[in-house]
Number of protein chains: 2
Amino acid sequence: MPHAAATPQLLRRVNARSVLGVIRGTEVATGTELMARTGLTRASVIAVCEDLLRRGWIRELDARDEDQPGSPRKGRPARRFELNSRAGFVLGLDIGAATTTAAVADLRGTVLGRSSESFRAADIPAEERIDVVDRACRRALAAAGTSPASVLAVGAGIAAPVDRDGKVLVSQPFWSLFDVGLRSALKELHGWTVLLENDANLAALGERWRGSGAGVDDLVVLLAGERLGAGVMESGRLLHGRGGAAGEMGYLDLVQGVGSSDGIATLARQWSAAGGGPATGGEASARRVFEDAAAGDPAALAILDRLSERMARVIASVASFINPEQVVIGGAVAESAGALLPGITALLPRFTATPPRVTVSPLGDAIVTVGAIRHALDYVEANALELELGR
Amino acid sequence: MPHAAATPQLLRRVNARSVLGVIRGTEVATGTELMARTGLTRASVIAVCEDLLRRGWIRELDARDEDQPGSPRKGRPARRFELNSRAGFVLGLDIGAATTTAAVADLRGTVLGRSSESFRAADIPAEERIDVVDRACRRALAAAGTSPASVLAVGAGIAAPVDRDGKVLVSQPFWSLFDVGLRSALKELHGWTVLLENDANLAALGERWRGSGAGVDDLVVLLAGERLGAGVMESGRLLHGRGGAAGEMGYLDLVQGVGSSDGIATLARQWSAAGGGPATGGEASARRVFEDAAAGDPAALAILDRLSERMARVIASVASFINPEQVVIGGAVAESAGALLPGITALLPRFTATPPRVTVSPLGDAIVTVGAIRHALDYVEANALELELGR
DNA sequence: GTAATTTAGATACAAGCTAAATATATTGCC
DNA sequence: GGCAATATATTTAGCTTGTATCTAAATTAC
């Protein structure tokens with residue numbers, strides 16, 4: 001069966017989506033502007049707008065509070081429409097092994113509330129874990145001043161492969177809880193639609209939306225923290241692969257001069273191996289390496305040189321096979337990675353024929369929640385006319 | 001500007017495309033069958049079919065020559081429609097460094113004619129090179145019994161990166177000729193639309209269409225010959241990357257135990273290093289390795305073991321980052337690679353957590369032309385209603 | 001030869017769009 | 001203050017395409 005038969009109603013749906021898209025992309029829009037941007041006639045534009053007004057997606061501004069110096073203001077005043085950005089809200093979740101962060105955003109993507117909740121221990125039962133996630137959501141919604149009933153979609157990121165349908169492989173003992181379990185729990189509690197995704201994939205969405213990869217269609221985001229994962233966008237679409245494991249970097253074991261998973265832990269290990277300081281591991285010692293290097297300490301500089309080369313090899317291996325326009329380094333190492341950028345950029349041409357631009361994420365800790373919000377908004381925007389509003 | 005305004009004519013286009021798609025997928029179709037498959041009413045189906053008949057895309061069969069034992073044959077006889085597979089033709093080109101092969105196919109993809117032409121030397125001028133390609137096309141068309149005017153689209157594969165718009169990087173001194181030069185020459189000579197693609201990408205299209213990857217949405221085809229390249233399909237779409245270099249395997253230089261480009265040349269080199277035979281290089285000696293191995297020669301067996309491991313590493317590196325359902329080995333090594341499959345399959349889990357199914361291409365030398373035909377047909381099918389027929 | 005069955009064709013109507021004519025509200029000028 | 005110019009809004013007629021329903025036609029089965 002191909003797609004259902006195309007009836008005249010399809011036209012309205014297509015055109016309404018198109019008009020709503022333009023309104024979403026501008027502050028306020030008049031009928032004439034919408035005609036120009038959509039190619040529709042005035043009659044159709046007005047009909048669509050009446051429709052969208054009735055459904056609650058847009059609002060009409062009063063005629064009187066116009067004071068923009070935009071145009072010569074001659075002729076009959078135009079009706080002015082704007083997105084009703086408070087018509088509904090979305091939740092973006094970053095579900096980590098130890099902590100869950102929830103962020104609430106309106107339909108323009110403006111973040112209105114945040115909340116983080118930690119798990120009591122690593123081995124708590126499933127119900128408690130879901131409770132903690134739910135609490136983070138409620139608190140973020142309270143901070144945003146809205147209610148669970150106003151949530152149109154929930155984007156959620158976890159540190160495991162998730163396939164195109166939002167399914168987690170059953171072979172993932174820990175994370176598979178968040179597939180059926182979390183989804184049905186939040187559906188039952190609040191009626192929410194949960195869109196599960198891999199955290200690195202969400203990082204890529206976030207980076208392309210509000211990070212340093214804005215508007216780049218062929219983008220790779222390396223999310224480096226406890227784990228090292230890549231979110232790959234090709235032609236503006238996320239890559240998943242058969243089971244959602246696209247972007248997993250297990251192959252790095254095979255790459256010369258890289259070794260296994262990279263990140264802070266490795267950095268700390270190297271630091272301690274260099275004998276230059278207390279091998280306490282963790283973030284603190286990593287920070288000291290950068291401080292010492294900035295102060296000119298040769299041992300610290302050598303560590304950073306080696307680290308630059310390893311990151312260059314990682315990036316090159318991805319770049320030569322995927323050929324992205326840009327690679328963004330995000331996650332826990334992002335803050336410190338800035339110092340390594342010149343070295344990495346200089347080394348890249350040695351390892352790949354298609355060196356990409358390399359940048360560091362400006363989104364910090366929020367990289368996954370921002371992407372989760374974008375993911376939820378994508379869903380809402382694609383299904384706007386099928387969603388019921390106004391609860 | 002979003003997509004143009006949706007007018008009522010769009011409905012007809014959508015529904016006509018849908019009807020044509022069903023007819024393309026069946027031998028003959030009655031109105032009632034089309035209603036069931038498209039969800040349209042009889043009136044609409046008939047209107048669309050009259051349209052398609054007038055434009056020449058389908059034919060109506062005579063009422064009298066019906067003798068299928070398909071149905072109980074009661075009631076008023078149905079009008080029967082079939083694809084007019086001779087309404088136009090497509091060309092598939094495999095442009096190699098030494099030889100160009102052209103294949104002609106009808107709208108069902110049945111190959112009707114082939115022709116290969118070799119370049120006189122490696123450094124002949126551009127005009128002569130284009131002449132040779134043109135000659136291969138004309139001879140293939142003559143063999144198929146049709147004329148250049150009936151060609152609706154030309155798919156062409158070259159062994160270099162080609163981006164999404166069919167552009168070749170200027171940094172490719174040899175191949176960039178085939179971008180603007182060949183395209184405009186064939187446009188001028190015959191009015192043809194040339195769709196340039198990377199050869200490995202076309203191999204992937206071909207393998208998914210008529211090879212061992214039929215219907216697999218997440219598919220990687222390794223095209224191994226003079227060069228080693230990969231065609232990557234994710235979710236049924238080809239990956240290109242920013243400059244079309246996605247699937248290039250230069251990163252293998254970084255992979256332990258693989259070395260640089262793989263293939264027959266390497267195999268021959270290894271054979272000669274093993275001291276088991278005349279180091280003449282080339283295909284002949286490669287074939288002897290397999291013969292000797294089949295006969296139980298330990299030196300030859302050792303070479304094949306080592307080769308299996310190297311191919312397993314190559315496949316694993318791709319599989320762990322792209323997570324395809326299946327990897328197909330095609331190109332010059334395909335014939336002999338069958339003997340290596342058990343070894344490769346057994347080794348894969350050692351190198352990747354997501355081992356794909358591995359198969360060998362059944363398409364042989366035709367892998368690129370078959371893919372080029374598929375590529376051209378994709379274009380024709382997507383643009384059927386905008387193309388003029390009947391020249 | 002008549003009934004049952006299946007498909008074809010015709011008619012009525014609804015949704016949606018365009019195009020063109022008409023109406024309305026504002027600015028600017030005399 | 002009144003009037004022209006201007007920009008927008010609204011109305012009306014007509015076209016395309018769809019669905020739904022009814023009637024006609026052609027064939028098989030008994």
Side-chain angles (χ1 to χ4, degrees), chain A residues 2-20 28-55 60-81 385, chain B residues 2-20 28-55 60-81 385:
Chain A
H3 326 121
T7 62
Q9 288 84 333
L10 175 69
L11 296 179
R12 173 53 60 92
R13 281 230 304 282
V14 169
N15 286 331
R17 197 187 307 276
S18 160
V19 166
L20 189 52
V28 292
T30 66
T32 307
E33 280 162 19
L34 293 171
M35 289 171 64
R37 301 283 297 272
T38 62
L40 294 167
T41 56
R42 172 161 263 116
S44 304
V45 165
I46 295 298
V48 166
C49 284
E50 297 288 355
D51 228 45
L52 294 173
L53 280 169
R54 208 169 334 105
R55 289 161 177 269
E60 187 166 0
L61 283 83
D62 287 344
R64 281 298 144 206
D65 47 343
E66 45 179 322
D67 267 322
Q68 284 93 352
S71 51
R73 312 237 120 276
K74 255 195 277 191
R76 175 172 175 168
R79 295 174 69 176
R80 280 141 62 240
F81 305 98
L385 302 167
Chain B
H3 326 118
T7 64
Q9 286 84 333
L10 175 69
L11 295 179
R12 175 52 60 92
R13 280 230 305 284
V14 169
N15 287 330
R17 194 187 308 275
S18 160
V19 167
L20 190 53
V28 292
T30 67
T32 306
E33 281 161 19
L34 293 172
M35 289 171 63
R37 300 284 296 274
T38 62
L40 294 168
T41 57
R42 171 159 264 117
S44 305
V45 165
I46 295 296
V48 166
C49 284
E50 296 289 354
D51 226 46
L52 293 173
L53 281 169
R54 208 171 330 107
R55 289 161 178 268
E60 186 166 0
L61 282 83
D62 287 344
R64 281 300 145 203
D65 47 342
E66 45 177 324
D67 267 322
Q68 285 93 349
S71 51
R73 313 238 118 273
K74 256 193 279 192
R76 175 171 176 167
R79 294 174 69 175
R80 278 140 63 240
F81 305 98
L385 302 167

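Here is the naming used below: chain letters follow the sequence lines, and residue numbers restart at 1 for every chain. Keep in mind it's a predicted model, so treat the numbers as computed, not measured.
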Just jot down the side chain to side chain contact (heavy atoms under 4.5 Å, CB included) partners of [X], sequence neighbours excluded, or say none.
| X | result |
| --- | --- |
| Gln9(B) | Thr7(B) |
| Leu10(B) | Leu11(A), Ala6(B), Arg13(B), Val14(B) |
| Thr30(B) | Thr32(B), Glu33(B), Ala78(B), Arg80(B) |

For atom [atom1] of [X] and atom [atom2] of [N], their distance in whole Å:
| X | N | atom1 | atom2 | result |
| --- | --- | --- | --- | --- |
| Met35(B) | dT21(D) | CE | C1' | 12 Å |
| Arg80(A) | dA25(C) | CZ | C1' | 15 Å |
| Asn15(A) | dA15(C) | CG | P | 17 Å |
| Glu33(A) | dT8(D) | CD | C1' | 12 Å |
| Leu11(A) | dT16(D) | CG | P | 15 Å |
| Gln9(B) | dT18(C) | CD | C1' | 9 Å |
| Arg76(B) | dA26(D) | CZ | P | 6 Å |
| Leu34(A) | dT8(D) | CG | C1' | 13 Å |

Terminal axis angle for the helix from dG1(C)-dC30(D) to dC30(C)-dG1(D), five pairs an end, nearest 10 degrees: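 The end axes of the helix from dG1(C)-dC30(D) to dC30(C)-dG1(D) are about 10° apart, to the nearest 10°.
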Distance (rounded to the nearest 0.5 Å) between Met35(A) CE and Leu40(A) CG: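 Between Met35(A) CE and Leu40(A) CG, I get 9.0 Å after rounding to 0.5 Å.
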Closest non-hydrogen atom pair, Ala5(A) against Gly39(B):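 Minimum heavy-atom separation between Ala5(A) and Gly39(B): CB-O, 3.6 Å.
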Distance-minimising heavy-atom pair for Ala16(A) and Leu385(A):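 Heavy atoms only, the tightest pair is CB-CD1, 3.7 Å.
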Close side-chain approach of Asn15(A) and Thr38(A), heavy atoms under 4.5 Å: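 Contact flag for Asn15(A)/Thr38(A) side chains = no.
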Any Arg79(B) side-chain nitrogen or oxygen under 4.0 Å from OP1 or OP2 of dA25(D):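 Checking Arg79(B) against dA25(D): no side-chain N or O falls below 4.0 Å of OP1 or OP2.
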Under-4.0 Å side-chain N/O to phosphate OP1/OP2 contact, Thr32(B) with dT7(C):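 So the side-chain polar atoms of Thr32(B) do come within 4.0 Å of the phosphate oxygens OP1 or OP2 of dT7(C), strictly under.
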Toward the 5' end of DNA chain D, by each residue's nearest nucleotide, Pro8(A) or Ala78(A):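 On the 5' side of the pair lies Ala78(A).
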Whichever of Leu10(A) and Thr30(B) has its nearest DNA chain C nucleotide further upstream toward 5':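 This one resolves to Thr30(B).
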Result of checking Val19(A), Leu34(A), Val28(A), Leu52(A) against Phe81(A) for side chain to side chain contact (heavy atoms under 4.5 Å, CB included):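 That would be Leu34(A); it is the only one of Val19(A), Leu34(A), Val28(A), Leu52(A) passing the side chain to side chain contact (heavy atoms under 4.5 Å, CB included) with Phe81(A).
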Pairs where residues 42-51 of chain B contributes a residue and the test salt bridge (charged side-chain N to carboxylate O under 4.0 Å, His left out) is met, not counting sequence neighbours: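 Residue pairs passing salt bridge (charged side-chain N to carboxylate O under 4.0 Å, His left out), neighbours aside: Glu50(B)-Arg79(B), Asp51(B)-Arg54(B), Asp51(B)-Arg55(B).
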Sub-4.0 Å heavy-atom contacts from residues 41-50 of chain A onto DNA chain C, ordered by number: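 Output list: Thr41(A), Ala43(A), Ser44(A).
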